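Before any comments, here is the structure.
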2 protein chains.
Amino acid sequence: MATAARGPATDSPASLAENLCWLLARASQSLTIELTAALAEAGLSPRHHCVLSTAMTGEYTQTALAQAVGLDKTTMVVTIDELEAAGLAERRPAAGDRRARVIGVTKAGVKKVAESRAIVARTQAQILSSLPAHERAPFVDALTRLIGRESV
Amino acid sequence: MATAARGPATDSPASLAENLCWLLARASQSLTIELTAALAEAGLSPRHHCVLSTAMTGEYTQTALAQAVGLDKTTMVVTIDELEAAGLAERRPAAGDRRARVIGVTKAGVKKVAESRAIVARTQAQILSSLPAHERAPFVDALTRLIGRESV
DNA sequence: TATTGTTATACTCTATAACTATA
DNA sequence: TATAGTTATAGAGTATAACAATA
């Protein structure tokens, strides 16, 4: 079974197209596992990192932040709870709306993001190293366009 | 980029590399939702389709099938249960091992796969249409290499 | 009436452990 | 002792609905 364990031995001509969704799911899963393990050394999950790192780039309310990273607002509540408990982020009153909270990043959070970004960069470099250099940008580009597709 | 709602307005140079895992997760999620909706008209989930479609390509025991499509053996039990209840697949005794079961596809299953493959092909064509034709094969290729990376 | 954030709840997918019957 | 399949269970991640405070 030298090849049997590698993947489905599809013999139909439709196999390539048929596998797109499956390929994405597998790639996403294995990379997430890898990144989760790498980020654990900073005590963050990929979602923590993504939210915290994004929060640093502007003044986001919780809802705006949720939309920005593609999370449900209820998931965002839990995520912010955890980041706040860790002292990395905090809910600040929004300027013009007493309902809304702006998510601020604390000093400790800023330091943590620097740390986690280094980890992420290292991990992704490892991952992308399996692609020829000239294919990397087009690949990421194609992915981006695939995501932008439906929301346009 | 006046589109704050489109994605994180990252201002760091690391944004591209930083988003790889996130991009894959988003792409996988949105495509899975789309494919799930499309396949619902055939009464199948993407996982059902993938397992059934793969089972047709050879003589797989449950465990072999699980490895082939990247599912846990316990998930495979449930999947086969459902496919069997729907009359699309069946557990047959394996030739040389009384512990193992070969997953066979029934006549109804074969017809169903033809139907679901058409749906999948149509859906993927739609999805890939957002990429220039000459980028599609390299993109799928890159994805495949990314997955093959760790198991090698 | 609509929206922000919250809580509670449920559902899917996946992972872990223990069991059986074979090998 | 190890393996194929099963069962039960637990854990993520996400989604839905209802609520309070505010707009």
Side-chain angles (χ1 to χ4, degrees), chain A residues 1 4-5 21-22 24-26 28-33 35-37 39-40 44-51 55 59-85 89-104, chain B residues 5 21-22 24-26 28-33 35-37 39-40 44-51 55 59-85 89-104:
Chain A
M1 343 164 179
C21 193
W22 180 83
L24 280 168
R26 298 303 313 276
S28 173
Q29 187 189 20
S30 76
L31 266 58
T32 299
I33 289 174
L35 187 61
T36 301
L39 278 175
L44 293 181
S45 71
R47 205 177 64 217
H48 287 139
H49 164 76
C50 187
V51 167
E59 294 264 304
Y60 292 90
T61 63
Q62 260 184 242
T63 302
L65 195 52
Q67 284 176 340
V69 301
L71 287 178
D72 193 80
K73 64 177 182 174
T74 59
T75 309
M76 186 56 72
V77 170
V78 181
T79 307
I80 302 295
D81 281 350
E82 292 160 350
L83 289 173
E84 204 165 30
E90 55 188 18
R91 294 172 162 96
R92 298 169 185 160
D97 191 333
R98 265 186 296 178
R99 293 172 304 178
R101 322 269 177 93
V102 167
I103 305 306
Chain B
C21 193
W22 181 83
L24 279 168
R26 298 303 313 277
S28 173
Q29 186 187 20
S30 75
L31 266 58
T32 299
I33 289 174
L35 187 61
T36 301
L39 278 175
L44 293 180
S45 72
R47 206 178 62 219
H48 287 139
H49 164 76
C50 187
V51 167
E59 293 264 306
Y60 292 90
T61 63
Q62 261 184 241
T63 302
L65 194 52
Q67 284 176 340
V69 301
L71 288 177
D72 193 80
K73 64 176 181 173
T74 60
T75 309
M76 186 56 72
V77 171
V78 181
T79 306
I80 302 295
D81 282 350
E82 292 160 349
L83 289 173
E84 205 166 30
E90 55 187 19
R91 294 173 163 96
R92 298 168 185 160
D97 191 333
R98 264 185 297 178
R99 294 171 303 179
R101 322 270 178 95
V102 167
I103 305 306

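Worth saying up front: this structure is predicted, and the values here are computed from it rather than measured. Values reported hereafter were calculated over all heavy atoms of this structure, with side chains retained and with hydrogens, waters and symmetry mates removed. Here is the naming used below: chain letters follow the sequence lines, and residue numbers restart at 1 for every chain.
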*Hey, which sits more toward the 5' end of DNA chain C by its nearest nucleotide, A/Gln62 or A/Arg99?*
A/Arg99
*Counting side-chain heavy atoms from CB outward, which of C/dA23, C/dG5, C/dA17 is closest to B/Asp97?*
C/dA23
*Base, sugar-phosphate, or nothing: which does A/Thr61 touch, judged by heavy atoms less than 4.0 Å apart?*
sugar-phosphate
_Whole-Å gap separating P (D/dT7) and CD1 (B/Ile80)_ = 13 Å
*Round to the nearest Å and state the distance from A/Lys73 atom NZ to D/dT16 atom C1'.*
10 Å
_What is the separation between atom CG on A/Leu65 and atom P on C/dT6, rounded to the nearest whole Å?_
12 Å
_Using five base pairs at each end to define the local axes, how bent is the helix from C/dT1-D/dA23 to C/dA23-D/dT1, to the nearest 10°?_
10°
Distances under 3.5 Å only, N/O to N/O: pair up the protein atoms with those of nucleotides 11-14 of chain C.
none

*First encountered from the 5' end of DNA chain D, between A/Val78 and A/Gly96*: A/Val78
*Between A/His48 (NE2) and D/dA12 (P), how many Å, whole number?*
11 Å
*More than 12 heavy atoms of other residues, nucleotides or ligands under 6.0 Å from CZ of B/Arg92: is that the case?*
yes
_What I'd like to find out is whether the side chain of B/Val51 reaches to under 4.5 Å of the side chain of B/Ile80, using heavy atoms alone._
yes
*asked:* Between P on D/dG5 and CD on B/Glu90, what's the gap in Å once rounded to a whole number?
replied: 15 Å
_Value in whole Å for how far the P atom of C/dT22 lies from CZ of B/Arg101_ = 9 Å
*So, the side chain of A/Thr32 versus the backbone of A/Ser28: is there a donor-acceptor pair under 3.5 Å, distance only?*
yes
*asked:* Quick one: does any side-chain atom of A/His49 pair with a main-chain N or O of A/Pro46 as donor and acceptor, under 3.5 Å?
replied: no
*Do the non-hydrogen side-chain atoms of A/Lys73 and A/Val77 ever get within less than 4.5 Å of each other?*
no
_Student check: side-chain heavy atoms of A/Val69 and A/Arg47 closer than 4.5 Å_ = no
*Is there a donor and acceptor pair closer than 3.5 Å between the side chain of A/Thr74 and the base of D/dT16?*
yes
_Heavy-atom pair with the smallest gap, counting every atom of A/Arg91 and A/Gln62_ = NE-OE1, 3.0 Å
_Between C1' on D/dA4 and CD1 on B/Ile103, what's the gap in Å once rounded to a whole number?_
11 Å
*Is it true that a side-chain atom of A/Glu59 and a backbone atom of A/Val102 form a donor plus acceptor pair closer than 3.5 Å?*
no
*Report the distance from atom CZ of B/Arg98 to atom P of C/dT20, rounded to the nearest whole Å.*
19 Å
*Hey, which of these two, A/Ile33 or A/Arg91, hits DNA chain C nearer its 5' end, going by closest nucleotide?*
A/Arg91
*Are any non-hydrogen side-chain atoms of B/Thr79 and B/Leu83 less than 4.5 angstrom apart?*
yes
